[in-house]
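What follows is a set of notes on a single structure, which appears directly below.
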Number of protein chains: 4
Amino acid sequence: MKDKEIMIHWMEQGSTSVPNVLLENYKKLSLNEQEMMLLLHIYSYSQKGILFPSFEELSNRMSITASECAGCVKKLLQKQVVEIEQGSQTGYESYSLEPLWNKLVALFESEARGQSVQQAMTEEK
Amino acid sequence: MKDKEIMIHWMEQGSTSVPNVLLENYKKLSLNEQEMMLLLHIYSYSQKGILFPSFEELSNRMSITASECAGCVKKLLQKQVVEIEQGSQTGYESYSLEPLWNKLVALFESEARGQSVQQAMTEEK
Amino acid sequence: MKDKEIMIHWMEQGSTSVPNVLLENYKKLSLNEQEMMLLLHIYSYSQKGILFPSFEELSNRMSITASECAGCVKKLLQKQVVEIEQGSQTGYESYSLEPLWNKLVALFESEARGQSVQQAMTEEK
Amino acid sequence: MKDKEIMIHWMEQGSTSVPNVLLENYKKLSLNEQEMMLLLHIYSYSQKGILFPSFEELSNRMSITASECAGCVKKLLQKQVVEIEQGSQTGYESYSLEPLWNKLVALFESEARGQSVQQAMTEEK
């Protein structure tokens, strides 16, 4: 593959847009860098129409194993930033980031009210 | 701040575009998730015209301390994916991701030639 | 400039993220393609910290003259999708796309209520 | 739909990343704003895995009719910035923007050589 072909391949691959409000505030949602990258991969797959990537698919792009990936997803579920939605049939599950956006809204609302983030998180539940 | 104002604030903040070739191949460049996120923050700052964010600024968005941040930058320098460019005057340093893109090109070239990534990395030096 | 340098230049230039809700609904806001592209250029400049690009700067990237550009900005002001905000001093004007996002919210609210867009736009005023 | 639901819907819709080199140089490729927006829609559909949107689908998002859309696609084919690739079976056509990226590379190469763009375009053929 010549450089020109590589370049065209890169352009065709496109980019994943990460909302800056998420990039600048994930720390306040008690997410660490590994969790944030996992969210990014889930988001990136969903933009391509792959709504329920397997742990193998996710770990293929990451520096962690499929089993560590499963553990990380479990933590994201516990932290309530990700949900697994059941489709009408088995095998049609999908990840939803709706809880993540909700938490981010709650964060901004609480900051606007001058509350501590801690309080807001507790109230939200 | 009402929900509508939050929403408008979010839209005004915009997004940072992460090239998918980077998102899908950073692992092959021997980068882990923390290092990748740090690169993302450096890239995101540069898109806004801030070319040399301090360790404090970087760690404000991250789950690690400024000193851990410094350690992570040092590793990125050693792995030769980031460079610090000296401006004409002191105080005008800036991060350059040029080595990162170069490594990524080398990766694609080597994969096209059917070489192992290991070989390509060695040759590149 | 060799292909590899071009490629690195391209990656360093980055991308501008256009929210899909805008891309898919500008027509419903009675915007045509020329107006939408002008909005995109204003948005793209703002992401780089240039908040009040001149008609010359805008037309340099467009297939229309600076004077046609001025006419197009005037139309965007009349359609109330763009505002010019006055800074504390003269020479500190900036474009605001806040009215655009407001109109887009109003559009979604009205569609949710099953109203015609026409009604919503009138109410909004 | 309440504002919070709208906001979450917007975040889930994501963004389309437009490479800045394209945004800043389409004029030099003799493309006007309508043609550029059509390219953007084709690109945006392809990012979602829809590789051959119909004229109706394209015009649904645009201020022009499906038949004007067909005319505009024809012009993009003539200007050699878009190609239609035939799949192995009929009904599997897809738009390719490879010629666009090639033209953009040629533009940068020619500018680097200090040539006029006109010359480069002619040579490229």
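Computed from heavy atoms alone, side chains included, the values below leave out hydrogens, waters and symmetry copies. Residue numbering restarts at 1 for every chain, and letters A, B, ... go by the order of the sequence lines.
In this structure the side chain of B/Gln47 never reaches within 4.5 angstrom of the side chain of C/Gln47, judged on heavy atoms. B/Trp101 has its side chain within reach of C/Glu12: a pair of non-hydrogen atoms, C-beta onward, lies under 4.5 Å apart.
Interatomic distance, C/Met11 CE to B/Leu22 CG, rounded to the nearest 0.5 Å: 7.5 Å. The distance from the NZ atom of C/Lys4 to the CD atom of B/Glu98 is 10.5 Å, given to the nearest 0.5 Å.
For B/Ser96, the part sitting under 4.5 Å from any heavy atom of chain C is the side chain, from C-beta outward, and nothing else.
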